[in-house]
Number of protein chains: 2
Amino acid sequence: MSPQDDLIHKTGQALDGVQLRRDARVQASLAAALDHTMRVLSKGTILVFEGAKVDSLFHVTSGWLAAAKSLPEGERQIVEFVLPGETYDPTSADGQTSYVELEALCETTVAIIDAATWARLLSELPELRDSERLRDVAARARQSERMLRLGKSSAESRVAYALIEFCMRMTAIGETDRDCVFHVPLGQQQLAEYTGLSSVHVCRTLRRLGRNGLITADDHMDLEIHDVHALAVLAGVDLDALRREIIPGAA
Amino acid sequence: MSPQDDLIHKTGQALDGVQLRRDARVQASLAAALDHTMRVLSKGTILVFEGAKVDSLFHVTSGWLAAAKSLPEGERQIVEFVLPGETYDPTSADGQTSYVELEALCETTVAIIDAATWARLLSELPELRDSERLRDVAARARQSERMLRLGKSSAESRVAYALIEFCMRMTAIGETDRDCVFHVPLGQQQLAEYTGLSSVHVCRTLRRLGRNGLITADDHMDLEIHDVHALAVLAGVDLDALRREIIPGAA
DNA sequence: CGTTCAGTTGAGTTGCTTCAACCCGTGTGG
DNA sequence: CCACACGGGTTGAAGCAACTCAACTGAACG
């Protein structure tokens, strides 16, 4: 069994993910409700600023969104990526302002759903409610996993973890080119903002991983993971357990 | 206006918090449903291990719980504290295993609610559903705020932020001794696991804050914040905005 | 071609960690 | 009642991982 086969096996059940995402009834109702709210955003577009008024949620159909926060001095931290099929609600506890900035990382189609409509949809569609709950739980688990790395891990471990997470999520929604081969619409700067490192150090770390044969990362983040196990060891994860934890519908 | 008055004003609406927590109908139904599932845990008790089977949620009535994750090498990161009146669901995306370890930080009373019962309660009590949603949103915002500090801030800023967060949350549930004076059931080691620092450096940082007159932190984490504004500057937050973001019902 | 922008690499700096010693309040057993 | 061990907090010294700064490369684009 090649490393690639193994990762498919580990991260696998790609079909489940696709199925979940494409669940016919939900998808149809969603599409009907959202059609007229679709927007195509070009790379770099900012959907909402941190602290701005919001009364909407955002459902990504294609492309990536980043949810980021900044310190007054300008340092940015990306707290989540929103991938196709996922919905993100940027509303704080006051119900009126966004606690993050949402930015398109590439050409991205988004449905903008106002809170009331979303609430109605959730109450009308049990399947939607369930699948959203699942995604929510997965997102929470992922976020905790990342906090663990932000707080207690080396640069190598953080980057390794990020790559594994990307791979699993991409596999789950069927956006891999081949097994363990995929593209993420990020520059090193963004990866740095995600992992809590400087872009310079991200660069060094990626190159080191490359030199050791664990991955290839060509210029614009076309990634290929050669040795998942070594990467998992660096990241300090059990692939099987991680998948069950952070990928919705991977039970 | 003294700093204390000001923080009450900023973090304020203590009454809202109490009211939210004590909402008569919800509280009564909850109590009825939970009475027989109450457990009193002694300090250090571990409710669930990371990776263990769970089909329950945990509702804290008094005391503190820590939700923590560990790396294989043993480094721990506390991802959330669960305070009185809050509910924590440790279930991962597979719906069967816990993605965190839950530990009592002092004598703590917890209601152990099985998932099915909880689902029933939520569907039967709209008020509960709403207040839980609010708390959920607040928790998500807090977690992002912490990720920002874990990724991009100095030790001083991380500790300052943690103290402000404690103060706001304690004020909201009415567990302050006086304004800006409260106790957290943590050692420096735990604070370190929360802020992603070494306990040694937490010690140095607390002492520095003390020497500069911003706080007093006597032996077992009886805290008093003298200069909230200086602390807020260090943490890089706007107190007003932060409260609206992370405290449920602070709108 | 010149300009720009992302990535790469080296050199020097620094903030936090680790290690180790020490202090002190508490608990325990002789 | 003292002796002693223990665990948390405190402090100093030394090391190192990641940061900053700065120079260079190469691809993309007008």
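So you know, we letter chains A, B, ... as the sequences are listed, proteins then strands, and number each from 1.
A heavy atom lying under 4.0 Å from DNA chain C marks the following residues of residues 148-159 of chain B, by number: Ser154(B), Ala155(B).
Summarising the geometry, the separation between CG on Asp218(A) and P on dA6(C) is reported as 17 Å, rounded to the nearest angstrom. Taking atom CE of Met221(A) as the reference point, atom P of dG7(C) lies 6 Å away to the nearest angstrom. Atom-to-atom, CG of Leu191(B) to P of dC16(C) comes out at 14 Å; the value is rounded to the nearest Å. Protein atom CD of Gln190(A) is 13 Å distant from nucleotide atom C1' of dG7(C), rounded to whole Å. In this structure, Leu197(B) places its CG atom 11 Å from C1' of dG15(C), rounding to the nearest Å. Atom CZ in Arg211(B) sits about 11 Å away from atom P in dT10(D), given to the nearest Å. Going from atom NZ of Lys43(B) over to atom P of dT26(C) covers 13 Å, rounded to whole Å. Rounded to whole angstrom, the span from the CG atom of Asp222(A) across to the P atom of dG7(C) amounts to 12 Å.
Shown here for Cys203(A) and Gln188(A), the closest heavy-atom pair between the two residues is CB-OE1, 3.2 Å. Minimum interatomic distance between Ala93(A) and Ala138(B) (heavy atoms only, all atoms of both residues): CB-CB, 3.9 Å. Shown here for Glu75(A) and Leu148(B), the closest heavy-atom pair between the two residues is O-CD1, 4.3 Å.
Ring geometry for Tyr99(B) versus Tyr88(B): interplanar angle of 30 to 60°, hence tilted.
Look at Gln189(B) and you won't find any side-chain N or O under 4.0 angstrom from OP1 or OP2 of dG9(D).
Side-chain atoms of Ser92(A) and Thr97(A) form a donor-acceptor pair, as typed in the model, at a separation below 3.5 Å.
Comparing Ser199(B) and Leu206(A) by the nucleotide of DNA chain C whose heavy atom lies nearest to each, the residue mapping closer to the 5' end is Leu206(A).
For the atom pair CZ (Arg142(B)) and CD1 (Ile247(B)), the distance works out to 6.5 Å, reported to the nearest 0.5 Å. Taken from CD1 in Ile215(B) to CG in Leu231(B), the straight-line distance is 7.0 Å, to the nearest 0.5 Å.
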Please write out the pairs of protein N or O atoms and N or O atoms of nucleotides 18-20 of chain C separated by less than 3.5 Å, giving the distance to one decimal.
unit_1: dT18(C); atom_1: O4; unit_2: Arg204(B); atom_2: NH2; d: 3.3

- List the steps, then state whether side chain to side chain donor-acceptor pair (under 3.5 Å) holds for Ser62(A) with Thr109(A). CA-CA 5 Å; Ser62(A) 73; Thr109(A) 21; 2.5 Å; yes
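Screening Glu80(A), Arg169(A), His59(A) for a side chain to side chain contact (heavy atoms under 4.5 Å, CB included) with Glu86(A), the sole residue that qualifies is Arg169(A).
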